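Okay, so here's the structure we're looking at.
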Number of protein chains: 2
Amino acid sequence: MDQAKIFNAFMIHKGLKTTNQRKAILNSFLHSRSHCSTEDLYLKLRKKHPKIGYATVHRTLKLLVECGIAIEQNFGDGHARFEPLRADSHHDHLVCQQCGLIIEFEEPQIEELQNQVAAAYQFTIRNHRHELYGLCFRCARK
Amino acid sequence: MDQAKIFNAFMIHKGLKTTNQRKAILNSFLHSRSHCSTEDLYLKLRKKHPKIGYATVHRTLKLLVECGIAIEQNFGDGHARFEPLRADSHHDHLVCQQCGLIIEFEEPQIEELQNQVAAAYQFTIRNHRHELYGLCFRCARK
DNA sequence: AAAGAAATTGAAAATCGATTTCAAAGAATA
DNA sequence: TATTCTTTGAAATCGATTTTCAATTTCTTT
Ligand SMILES: [Mn+2]
Ligand SMILES: [Mn+2]
Ligand SMILES: [Zn+2]
Ligand SMILES: [Zn+2]
């Protein structure tokens, strides 16, 4: 089931309407570079849909998070960022504090150790953040 | 060298004054339960120092971070939190989304794998966040 | 098709923690 | 003392996020 279908099903379930604006936002979000902020997406959308409002972009992104198509990230620059969420995979992030580059990484051993830590404290993990901040290769050279 | 000494040395180095307010704030911070917000500390201080202002608490906490006595954390509730930083140890956090309980954990194997991940991307780590969100034992039972 | 009911929209306003401003007060220096 | 500089706290500002609200659109019922 692709994401448009998931979104439709979710909207019907919630008694909401899959409007043209919402379709355009979902589409633009899915074709966006990852980790875009609300404003990134709003500005990108304006080019093709000048009448779309910031509030609608914001509200739709919240809906995408609610139905599991998107995940909200926060890398400490004061702007919430969103990225498409794939049910079958997970990654964490390296964030360059100089140029803003975001690198994604997967490390199953860390995930496993994480589960062991939680188990030791009888803690139920619902989600987690693991972010390494510093300098990417390019920026470290300078 | 204890923290008051570190603070003094830092203040002299920066040409700033170790005022009574700043001393009171440092003292209250060090004796506070960990992970307190600016407002937590401000309200606690008011009891003994009713004339102290929120702005001064905020500014002093920033100074403590700058001189390495405190570290600023953010657990996603919209309030910056501060905790005393010990140079020789490091921990990460489990955060209960129900009752707000914060558990600290240390896992050297994770730290090591983290370094390996960074090395693989030729990434220089300056700092990192690793937080597991979910339910503590108590809250999971209910 | 027309009317009524309900949801959506976007501009503007409100929110809220963090940060800054500024005039008064307090120190240090000459 | 006069001068210069820092600090203070109340209030104002900031900026991203969220909400409000009147107008519009969509859906449902006659
Ligand atoms: Mn990512
Ligand atoms: Mn801690
Ligand atoms: Zn970089
Ligand atoms: Zn709990």
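So you know, we letter chains A, B, ... as the sequences are listed, proteins then strands, and number each from 1. Quick caveat, the model's predicted, so the values are computed rather than measured.
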Which sits closer to the 5' end of DNA chain D, Pro50(B) or Met11(B), going by the nucleotide each is nearest to?
-> Met11(B)
Rounded to whole Å, the CG-P distance (Leu45(A) to dT9(C)) equals 12 Å
Is it true that Arg81(A) and Asp40(A) make a salt bridge, defined as a side-chain N closer than 4.0 Å to a carboxylate O?
-> yes
Out of dC27(D), dT17(D), dG10(C), whichever nucleotide has its closest atom nearest the side chain of Ala80(A) | dT17(D)
Quick note, Lys17(A) side chain, CB onward, closest among dT19(D), dA27(C), dT8(C) is dT8(C)
Ring pair (Phe, Tyr, Trp, His ring centres under 6.0 Å) between Phe105(A) and His93(A), worked out | CA-CA 6 Å; Phe105(A) 74 90; His93(A) 298 95; 7.8 Å; no
Quickly work out the Ile25(B) CD1 to dG9(D) P distance and round it to whole Å.
-> 8 Å
Quick one: is Tyr54(A) getting a side-chain N or O under 4.0 Å of the dT17(D) phosphate, OP1 or OP2?
-> yes
Checking all strands, does Glu39(A) fall into the base, sugar-phosphate, or nothing category for heavy-atom contacts under 4.0 angstrom?
-> nothing
Distance test, side-chain N/O of Gln21(A) to OP1/OP2 of dG10(C), below 4.0 Å | yes
Among the nucleotides dG10(C), dT8(C), dA16(D), which one has an atom lying closest to any side-chain atom of Leu16(A)?
-> dT8(C)
Looking at Lys62(A), does any N or O in its side chain come under 4.0 Å of the phosphate oxygens OP1/OP2 on dT18(D)?
-> yes
From the options dT8(D), dA18(C), dT8(C), select the nucleotide whose nearest atom is closest to the side chain of Thr19(A).
-> dT8(C)
Classify the side chain of Arg59(A) versus the base of dT20(D) as yes if they form a donor-acceptor pair under 3.5 Å and no if they do not.
-> yes
Distance-only side-chain donor-acceptor flag, Glu111(B) / His90(B), under 3.5 Å = yes
Does a donor on one side chain and an acceptor on the other come within less than 3.5 Å for Glu83(A) and His35(A)?
-> yes
Which whole-number value in Å describes the distance from His58(A) NE2 to dT9(C) C1'?
-> 15 Å
Can you label the angle between the His130(A) ring and the His130(B) ring as parallel, tilted or perpendicular, going by 30° and 60°?
-> parallel
In whole angstrom, what separates Asp77(B)'s CG from dA18(C)'s P?
-> 9 Å
